[in-house]
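Worksheet: the structure to be examined is printed underneath.
Labels below follow one simple rule: chain letters A, B, ... track the order of the sequence lines, proteins then strands, and each chain is numbered from 1.
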Protein chains: 2
Amino acid sequence: MTEHLRETSQRRVILEELGKLTSHPTANEIYELVRKRLPRISLGTVYRNLELLSQSGLIQKLEMAGTQKRFDGTIGNHYHIRCIGCGRVDDLRLPAMKSIDEAAADLSDYEILWHKMEFGGFCPDCITPRSKRGEIEILDIKKNIIGRKD
Amino acid sequence: MTEHLRETSQRRVILEELGKLTSHPTANEIYELVRKRLPRISLGTVYRNLELLSQSGLIQKLEMAGTQKRFDGTIGNHYHIRCIGCGRVDDLRLPAMKSIDEAAADLSDYEILWHKMEFGGFCPDCITPRSKRGEIEILDIKKNIIGRKD
DNA sequence: CGTTAATCAGTAATAGTTACCATTATGGAT
DNA sequence: ATCCATAATGGTAACTATTACTGATTAACG
Ligand SMILES: [Mn+2]
Ligand SMILES: [Mn+2]
Ligand SMILES: [Zn+2]
Ligand SMILES: [Zn+2]
C-alpha cells in the first residue's frame, strides 16, 4: 500500500498541464504535452500517475463507452458529451442527478451505488459540414430525378 | 457494401445461442458456447458476425465503460446495471428516457442525438458477502476496543 | 448445375494499457 | 546537512481485446 504520494516533477507537470485544459485529453495527449517540458518522461509514468492521481481524487478518470480513457482536471460529478464527428468531449452543464439512482433502485434487486451517463451528438463545428453534405445529397437526388428518362 | 446477409450455420448458431441467454455475454463467452456446436468456428467469425448482426439491428452491441464489449439478444433501448462484485450485467426495467436528451440539448450547443446510461452496484449474490465482511470488521473493532489496556 | 460475391478459418497485426525491473530521487528521521 | 527506506522512474516487454488480411469455401441467385 502507498504511504504517501511524493511530489515528483513528473507528477507536478502532469497535474499542471491537465489543469490548464478544459478539454478531456487521452493519456497520450497528456504525454505529448508533458514531453515538451520533460522530454525524458515515459508514457508508462504518465499512465501510472494519471491512475494514482485519479485514485486519490485529484483528477478524474473518464472511462467512456467504446473508446480509450480520458482524463479530467475538473473534479465533481458532471456529465459529458462526445461529438460523433470529431471525437471531442465536452462538459455538459447538467447536475448529476442522484435521484436517478433511487428511482432505479426501486426497479431492481441490486444495491445501486452510482450511474454514468454519456451523451452523443454533433458539436458546433461539426453541425454545419453535416447539413452542407445533406444539402448536396438532396441536390444530387433532385438532379437525378429531373435528369432520368423513364 | 453488403448486398444481403446470408444465412450461414455459424451466423445462425451465434444468433440462437445469444437468444437463449438473458445475460449479456462477451464475444469470447459466445465463442465458447458456439464452439460446442461448431467446434471449427473461429473467434474472428464470431466477432465479425456480432458486428454485422448488431449493425443490421438483430442484436445489440453494448459498449460499456472501461470493459470489453458485451452483446444483447434483446433489442430496444433499455439501461443496464453492472455488479461491482462479480461483473455480471443485468437489464434494468427503466424505460429509456428520451426527454433527458431534450433537457440536455437546452444546456448545450451540441446537436444531441442520444444518451447512454449505466448503473453500478452490488447484485443480490454479492450484497450478502459484503455485509458479512462488514460485520466481521465491526466485531474486530469492538473486540479491539474491549481488549485494549490503555 | 454454374457463377459470383459473401463468408469462412486461420493467423498476423494493431491499439491501448499494464507489468516488470534495475536505477534514481524524495522526504522523514537522524 | 546527511542518511536511508522505499516510492517512483525510464525503458521495455507483455498482455488483452479487437480488427485486418488472405486464400479457400459456400450460400444464393437464376
Ligand atoms: Mn469534464
Ligand atoms: Mn439488456
Ligand atoms: Zn465535432
Ligand atoms: Zn455480483
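- Both Gly44(B) and Glu7(B) lie near DNA chain D, and the one whose nearest nucleotide falls closer to the 5' end is Gly44(B).
- Rounded to whole Å, atom C1' of dT19(D) lies 13 Å from atom CG of Leu52(B).
- Distance from the side chain of Leu5(A) is smallest for dA8(D) among the nucleotides dA8(D), dA28(D), dT18(D).
- What separates CG of Leu50(A) from P of dG16(C) is a distance of 15 Å, to the nearest Å.
- Looking at Asp90(A) and His80(A), their side chains never bring a donor and an acceptor atom within 3.5 Å of each other.
- Residues Asp91(B) and Asp72(B) have side chains in contact (heavy-atom distance under 4.5 Å, counting atoms from C-beta outward).
- Remark: Gln10(B) is not in phosphate contact with dT26(D), judged by side-chain N or O atoms under 4.0 Å from OP1 or OP2.
- Across all strands shown, Asn49(A) has heavy atoms under 4.0 Å from sugar-phosphate atoms exclusively, and none from any base.
- For dC8(C), one of the phosphate oxygens OP1 or OP2 lies less than 4.0 angstrom from a side-chain nitrogen or oxygen of Thr8(B).
- Proximity note for Ser42(B) (side chain, C-beta onward) versus dT17(C), dA9(C), dG10(D): the nearest is dA9(C).
- Within the 4.0 Å cut-off from OP1 or OP2 of dT19(D), not a single side-chain nitrogen or oxygen of Tyr47(B) is found.
- If you check dT18(C), dG10(D), dT4(C) against the side chain of Arg40(A), the one that comes closest is dG10(D).
- Listed pair Arg6(A) / dT6(D) fails the phosphate criterion, with no side-chain N or O lying under 4.0 Å from OP1 or OP2.
- No engagement by Glu51(B) is indicated, since no non-hydrogen atom pair under 4.0 Å with the nucleic acid exists.
- Met97(A) is listed as a side-chain neighbour of Tyr79(A), based on a closest heavy-atom distance under 4.5 Å.
- Between Arg48(B) and dT19(D), a side-chain N or O to OP1/OP2 separation shorter than 4.0 Å is absent.
- Residues Leu92(B) and Ile112(A) have side chains in contact (heavy-atom distance under 4.5 Å, counting atoms from C-beta outward).
- In this structure, OH of Tyr31(B) is placed 15 Å from C1' of dT16(D), rounded to the nearest angstrom.
- Residue Thr45(B) has its side chain nearest to dC8(C) when only dA8(D), dG16(C), dC8(C) are considered.
- Where Leu43(B) and Arg11(B) meet DNA chain C, the nucleotide closest to each residue was compared, and Arg11(B) sits on the side nearer the 5' end.
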